[in-house]
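Proteins get letters first, then strands, A, B, ... in listed order; numbering begins at 1 in each.
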Amino acid sequence: MRLNSSFYKRDVLFVAPDLMGKTLVRKTNDELLFYTIYEVEAYGGVEDEASHARFGKTSRNSIMFAQGGMVYVYLIYGMYWMLNIVTGAEGHPQAVLIRGVKGLDGPGKVTKALGIDKSFYGEDLANSKRIWVENQETKPEIIQKPRHGIEYAGEPWKSMPWRYITVPPFQSF
DNA sequence: AGCAAGATCGGT
DNA sequence: CCGATCTTGCTG
């Protein structure tokens with residue numbers, strides 16, 4: 001079942017861990033792709049020196065100020081599209097970066113495999129016909145670590161444990 | 001108007 | 001560790 005708007009309108013620190021193990025669905029012209037969300041990072045509002053929202057509202061991040069459930073896509077290093085999900089209430093910029101899904105380790109690989117580009121900017125996950133997230137009963141075990149690639153943010157932001165990673169299933173024999 | 005740096009990735 | 005590649009937001 002597709003997650004609705006109220007799921008995303010909560011604070012990013014609740015939404016980010018809750019997205020783990022959920023199914024990211026991408027519908028193209030001729031196929032339906034399902035990916036289990038495996039690793040994400042939470043980015044906060046203007047106070048978070050690692051967040052794009054730290055500059056206030058700009059042309060790039062304006063969708064972060066909308067209500068939760070919108071897609072925030074941007075280009076990094078001139079090459080890779082980053083897929084983010086806006087969370088929280090309108091006027092409270094927050095977003096979750098989708099860093100990895102099962103079988104695709106890395107945010108740039110995720111967007112490449114799913115064919116995500118700038119045209120998805122502002123897409124509403126609660127209503128979109130080409131991308132959404134579906135609920136799953138089982139919740140994976142999660143560990144938290146500092147976010148990746150944000151040394152510039154300084155303390156305490158670069159140390160906040162806002163990267164959520166699914167613990168791989170224990171291999172027994 | 002110009003510039004430094006970036007929520008990355010793949011190859012040395 | 002380094003280069004690719006180009007948008008962004010800041011500075012002047």
- Query: Atom CE of A:M20 and atom OG1 of A:T166: how far apart are they, to the nearest 0.5 Å?
  - Reply: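 Going from the CE atom of A:M20 to the OG1 atom of A:T166 covers 3.0 Å.
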- Nearest 0.5 Å please: distance from the CG atom of A:N4 over to the CG atom of A:N127.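 Here the interatomic distance stands at 10.0 Å.
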- What string of B, S and - do you get for nucleotides 3-12 of chain B, 5' to 3', if B is base contact, S is sugar-phosphate-only contact and - is no contact with any protein heavy atom under 4.0 Å? ---BBBBS--
- Nonpolar side-chain network containing A:Y38, other nodes, edges under 4.5 Å: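 Answer for A:Y38: none, a lone residue.
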- Task: Could you pull out all residues at least two apart from A:E49 that satisfy side-chain contact (heavy atoms from CB on, under 4.5 Å)?
- Result: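 Expected list: A:R54, A:A153, A:W157.
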- Item | side-chain contact (heavy atoms from CB on, under 4.5 Å) partners for A:K145, two or more places apart |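 Result, side-chain contact (heavy atoms from CB on, under 4.5 Å) vs A:K145: A:I143, A:R163, A:I165.
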- Message: On the nucleotide C:dT8, are OP1 or OP2 found under 4.0 Å from the side-chain N or O atoms that A:T58 carries?
- Response: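 Checking A:T58 against C:dT8: no side-chain N or O falls below 4.0 Å of OP1 or OP2.
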- Item | Presence of salt bridge, A:D18 and A:R10, under 4.0 angstrom |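 Yes, this pair counts.
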- Give DNA chain B the dot-bracket treatment, 5' to 3': Watson-Crick (N1-N3 with N6-O4 or O6-N4) or G-U (N1-O2, O6-N3) under 3.5 Å, [ ] crossing, | other strand. ||||||.||||.
- Item | Nearest-Å distance for atom pair CG/C1', residues A:N61 and C:dT8 |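 Between C1' of C:dT8 and CG of A:N61: 11 Å.
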- Query: Just how far, in rounded Å, is P of C:dG9 from NZ of A:K57?
  - Reply: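 From A:K57 NZ to C:dG9 P: 13 Å.
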Which atom pairs, donor and acceptor, lie under 3.5 Å between side-chain atoms of residues 69-84 of chain A and protein residues at least two apart or in another chain?
from, atom 1, to, atom 2, distance (Å)
A:Y72, OH, A:H52, ND1, 2.7
A:N84, ND2, A:Y72, O, 3.2
A:N84, ND2, A:M82, O, 3.4

- Task: Using the P atom on both, measure B:dG2 against C:dT5 and round to a whole Å.
- Result: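 It comes out at 23 Å once rounded to the nearest Å.
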- State, to 0.1 Å, how close A:A53 and A:G44 come at their nearest heavy-atom pair, and which atoms those are.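 So the minimum-distance heavy-atom pair works out to CB-O, 3.9 Å.
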